[in-house]
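Below, chain A is the first sequence line, B the second, and so on; all start at residue 1. Computed from a prediction, not measured in an experiment: that's the story for all the values here.
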Number of protein chains: 2
Amino acid sequence: MKRKITLKQIAKELDVSISTVSKALRNSVEISEDTKQKVQAFAKLYNYRPNNIALSLKNRKTNTIGIIIPEIVHHFFSKVISGVETVANNRGYNVIVGLSNESFSKEVINMEMLANGSIDGFILSISKETLQQQDYHHFNETMSQGMPIVMFDRVIADIKCDKVIVDDYKGSKNAVEKLITNGCKSIALITTKDYVSVGKLRTQGYLEALHEHKMTPKAELILKIDDTLDYEVHLDALELEIEQLFKSNKKIDGVFAVNELYALSAMKVARKLGLDIPNDIQVIGFTDGVLSKHATPSLTTVSQHAQQMGETAANLLIDKLENEFDDEKEEEFQTVVIATELIERESTK
Amino acid sequence: MKRKITLKQIAKELDVSISTVSKALRNSVEISEDTKQKVQAFAKLYNYRPNNIALSLKNRKTNTIGIIIPEIVHHFFSKVISGVETVANNRGYNVIVGLSNESFSKEVINMEMLANGSIDGFILSISKETLQQQDYHHFNETMSQGMPIVMFDRVIADIKCDKVIVDDYKGSKNAVEKLITNGCKSIALITTKDYVSVGKLRTQGYLEALHEHKMTPKAELILKIDDTLDYEVHLDALELEIEQLFKSNKKIDGVFAVNELYALSAMKVARKLGLDIPNDIQVIGFTDGVLSKHATPSLTTVSQHAQQMGETAANLLIDKLENEFDDEKEEEFQTVVIATELIERESTK
DNA sequence: TTGTACGCGTTATCAA
DNA sequence: TTGATAACGCGTACAA
C-alpha cells in the first residue's frame, strides 16, 4: 500500500528541489528540457496528481459546490442533482450532497458543515420546516461570508440571491385551462397548505384560470392537505379526504393536483367510486415523476424540467464564482424562470 | 462581505500568538482562564469555525466519502445514497457524489478526480459498461494507493474489497417458489443479459426454484433483454418482445421480472392481451421502487432494502477508515449480504 | 536554469 | 502560561 506520491518525494528521488519539480510538471520555460523530461517521465511513471486539498487551501477555492435538498428519494430532486452534476463536472467542479430531510436544524447543520471551507457555493431548495418557521438567518449569514447561494424551486422572495424557479402560477393556470377547454365544469383542486410557496402559487394559478373563464371557485372543491404527516399515515388520510371530497361533490368532472401523488390518489379513489378516467373525470398533476408515465391510465402532467433547473442553477452559481471581479459593483441577482410544459397523456381527453 | 475569520486574525486582534488562540479554543490546560475566556468570547462573537480544508491537509483525512453510482435518477440508487448519507452524517462525514452514467470513462474520470485527496474512501456500484469491458484496473489502483472501496449491488467477485450485496439468488428463488406455490405451471422470466452480475444471479434463482419443484425450464420462456439501448427505444422494444413472448406461449400463468420496469411492462402487455392479473397471470418484480407500490394492480416485489444497503456500506467504509492500525495484518474483507423480503401486493394471489 | 522562502489555516512539539 | 517553529502539499515571486 503505497501512498499517493507528492512533489516532495519526486524531488527527493530525482535530487532536485520541490519547486523545480513543480515547474517542470507545469512545463515552465524556466526549466531545461532535460530536467523537464526527466521529471515528467518520473511523474508519469508514478502517476503523480496534485493533491486537491493542498490546491484548495492554497487557492482558497475548492472547486466543489454543495447542494442541499430536502429529500433525495424523490424524482424531482434527484433529477435536479443530475442536472447540477452534469454541468458541474463539465466545468471542473465536484458536487457534495447534503440532505435536510425537511428539517430546519439538519439544514442549518449541513450548511455550517459545508460552509467551513469545504465548498465554494450552495445550490439549495428550502426545507418545509424552514419555510414554516420562516427563519432564514443561516442563508443570510452564509452569503454575508461571501459564499454565494442559488435557490431553486422552493425559494423566498425576500432573500437576495440567484434563483431558479418554475412558472408555477402559469403552469397551473394552463393546466386548469386545459381542463376547462376539455369541457370540465366542476374542477377540484388538491393542494398543500399555503406555507409551501409553490403550493400557494399553484393554487393562485387555479383560481385565476377559473376567474378568466367566469367560473366561480368554490371553497368545498379545494382540498388543502397537511403534508407534514408521516408518509404512510399521510397517504391513507389523503385518500380518505379525497373520497370525502368526491362523495360530497358528485359533479366534479376535473381534478388538478399540485403533485404526482395527490393526482394518483385522486385517480385511485375515482376508480374505486366507479368513475371512468377521462370520461367521467379528468385529472392533471404537477411534476416530472415516473409514476405519471407508468400509471394506469397514464397521467397528464405539468412538467417542471427538473434536469434543466439543475443545469441552470449550476451555471448561475459557477458564473458567479468565476466572476468575482465586480466586487465593488452592486451585486445583481437573477431569477431564472423555467417554462413548464403540459404533457398530455391518458388522464385527459 | 467579510470572509470567514481565521486563527490568525483572532490572534492579531487580541494581540496574542496563533498557537495561544488555537489552544485556548480547544480548552487546553496550558492556557490561563483569563486568556481562554477572552479568546473564546471573541471567537464566539465572530462565529469562528476551523477551516475544514486546512484540517484535511494537516490530518491527511478529509472526513468525506465519495459515492460513485451509475445513475441517480433511480429509486434504488437514491435510496442507497440516503442510507449512506444518514450514517455518514451521524459519524461526522460528508458525502460527495459522482455519477458514471453507466459509462466506463466517466467512472474512471470521476474516481480519479475524487481520489486526489478529496475523499477518504469510496462506496460504489459498477457501471454497466465497466462490467461489459471487464476492465477493473481503476479499482485496484485506487485501493493500492491505500484508499478503501466498498462496492454494493453490482460487484465483482475477483476484486478484493468490502462488499454489500443482496441475496439475489435466494430472493429470486423465493419469488419463483411463491409463484409455484400459488399454482403457476408455466413461469416466464424476464431478465437482462448475463454480464450484469445481478441479472445472472436472479436467473439462477429462477432456474433453481423450477428445478427443486421438478419443473423443466424452457428456453422460450426466458427473455433476455439488452438494456444498453436508449431508454425510450428500449421501453417500446421491451413491450414488443414481451407481447411476442406471451403470444407464442399462451400457457404462461406467471412472470418473474428482474426489475420493476420489466414487471410493469409485463402487466401492461398482459392487460392489453385481455389477461386478468392475478387470476390469469401472476407477476413478481425485483426492486424497491415506487412504481410497484402505486401500480394498478400494485406489484408484488422482492425488496432489496436499499436504504439498509447504503447504511451498511457506509458503516463498513468508516469502520475501515477508522481502524487503520492493523496495517501489518493481512487485510480482511467482508461481504455483507442483505436479506431480501417478498412484499406481497395485488399482482399475486 | 535552479533553488529558497513564503503563504494558504491548522495543530503539535518544544522552547522560553 | 505563552510563543515560535515545523509540517501537511502546492505554486510562485524572488534570489542565486
Side-chain angles (χ1 to χ4, degrees), chain A residues 2-40 42-43 46-64 114-120 145-147, chain B residues 2-40 42-43 46-64 114-120 145-147:
Chain A
K2 49 178 187 202
R3 277 222 161 278
K4 290 227 69 166
I5 198 165
T6 67
L7 288 186
K8 199 189 204 174
Q9 292 166 41
I10 299 182
K12 194 172 171 191
E13 288 296 324
L14 298 182
D15 208 37
V16 289
S17 79
I18 295 178
S19 62
T20 301
V21 177
S22 176
K23 287 171 187 164
L25 289 177
R26 330 196 86 238
N27 240 316
S28 161
V29 285
E30 294 179 38
I31 306 294
S32 72
E33 276 307 317
D34 258 21
T35 318
K36 273 198 245 184
Q37 293 225 341
K38 193 175 58 171
V39 172
Q40 288 175 3
F42 191 90
Y46 282 88
N47 195 29
Y48 170 80
R49 293 278 183 281
N51 180 310
N52 285 334
I53 294 291
L55 287 180
S56 295
L57 183 58
K58 176 144 191 53
N59 303 330
R60 291 153 148 203
K61 175 120 174 50
T62 62
N63 272 267
T64 301
L114 297 184
N116 297 324
S118 302
I119 61 163
D120 297 332
Q145 285 172 167
M147 179 156 306
Chain B
K2 46 176 191 204
R3 278 221 159 278
K4 292 226 69 167
I5 197 165
T6 67
L7 288 185
K8 200 187 203 175
Q9 291 166 42
I10 299 181
K12 196 173 170 187
E13 289 297 325
L14 298 182
D15 206 38
V16 290
S17 76
I18 296 179
S19 49
T20 302
V21 177
S22 175
K23 285 172 188 164
L25 289 176
R26 330 196 85 240
N27 239 318
S28 162
V29 286
E30 297 178 33
I31 306 296
S32 70
E33 276 308 316
D34 259 20
T35 319
K36 274 198 244 183
Q37 293 222 342
K38 195 175 59 174
V39 172
Q40 288 175 3
F42 191 91
Y46 283 88
N47 195 28
Y48 169 81
R49 292 279 183 280
N51 180 311
N52 285 334
I53 295 292
L55 287 180
S56 296
L57 183 60
K58 174 129 194 65
N59 303 331
R60 294 153 147 200
K61 175 120 175 51
T62 61
N63 272 267
T64 301
L114 298 185
N116 297 324
S118 302
I119 61 163
D120 296 332
Q145 284 171 169
M147 180 157 304

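Atom CD of Q9(A) and atom CD1 of I18(A) lie 10.0 Å apart (nearest 0.5 Å).
When DNA chain D is scanned 5' to 3' for any atom under 4.0 Å from a heavy atom of chain A, the first and last hits are dC8(D) to dC14(D).
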B/S/- contact track for nucleotides 10-16 of chain C, protein heavy atom under 4.0 Å: BBBBB--

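The shortest distance between side-chain heavy atoms of V39(A) and Y48(A) does not fall below 4.5 Å. Between T35(A) and K23(A) there is no side-chain heavy-atom pair separated by less than 4.5 Å. With contacts defined as side-chain heavy-atom distances shorter than 4.5 Å, the pair K36(A)/E33(A) qualifies. Using a 4.5 Å cut-off on side-chain heavy atoms (C-beta onward), N51(A) and T6(A) make no contact. Looking at Q145(B) and N47(A), their side chains come closer than 4.5 Å, going by heavy atoms from C-beta outward. With contacts defined as side-chain heavy-atom distances shorter than 4.5 Å, the pair I10(B)/Y46(B) does not qualify.
Between its opening and closing five pairs, the helix from dT1(C)-dA16(D) to dA16(C)-dT1(D) changes axis direction by 70°, a value rounded to 10 degrees.
Distance, D34(A) CG to dT2(C) C1': 14 Å, rounded to whole Å. Atom CG of L57(B) and atom P of dG9(C) are 12 Å apart (whole Å).
At distances below 3.5 Å, not a single donor-acceptor pair connects side-chain atoms of K4(A) with backbone N or O atoms of G146(B). The closest donor-acceptor contact from the side chain of S56(A) to the backbone of N52(A) lies under 3.5 Å. Between the side chain of D120(B) and the backbone N or O of K61(B) there is no donor-acceptor pair closer than 3.5 Å.
Among the heavy atoms of the strands, none lies under 4.0 Å from S56(A).
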Chi angles and distances behind the side-chain contact (heavy atoms from CB on, under 4.5 Å) call for L7(A), L25(A): CA-CA 10 Å; L7(A) 288 186; L25(A) 289 177; 3.8 Å; yes

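Comparing V21(B) and R60(B) along DNA chain D, the residue whose closest nucleotide (by nearest heavy atom) sits nearer the 5' end is V21(B).
Between S17(A) and dG3(C) there is a side-chain polar atom (N or O) within less than 4.0 angstrom of OP1 or OP2.
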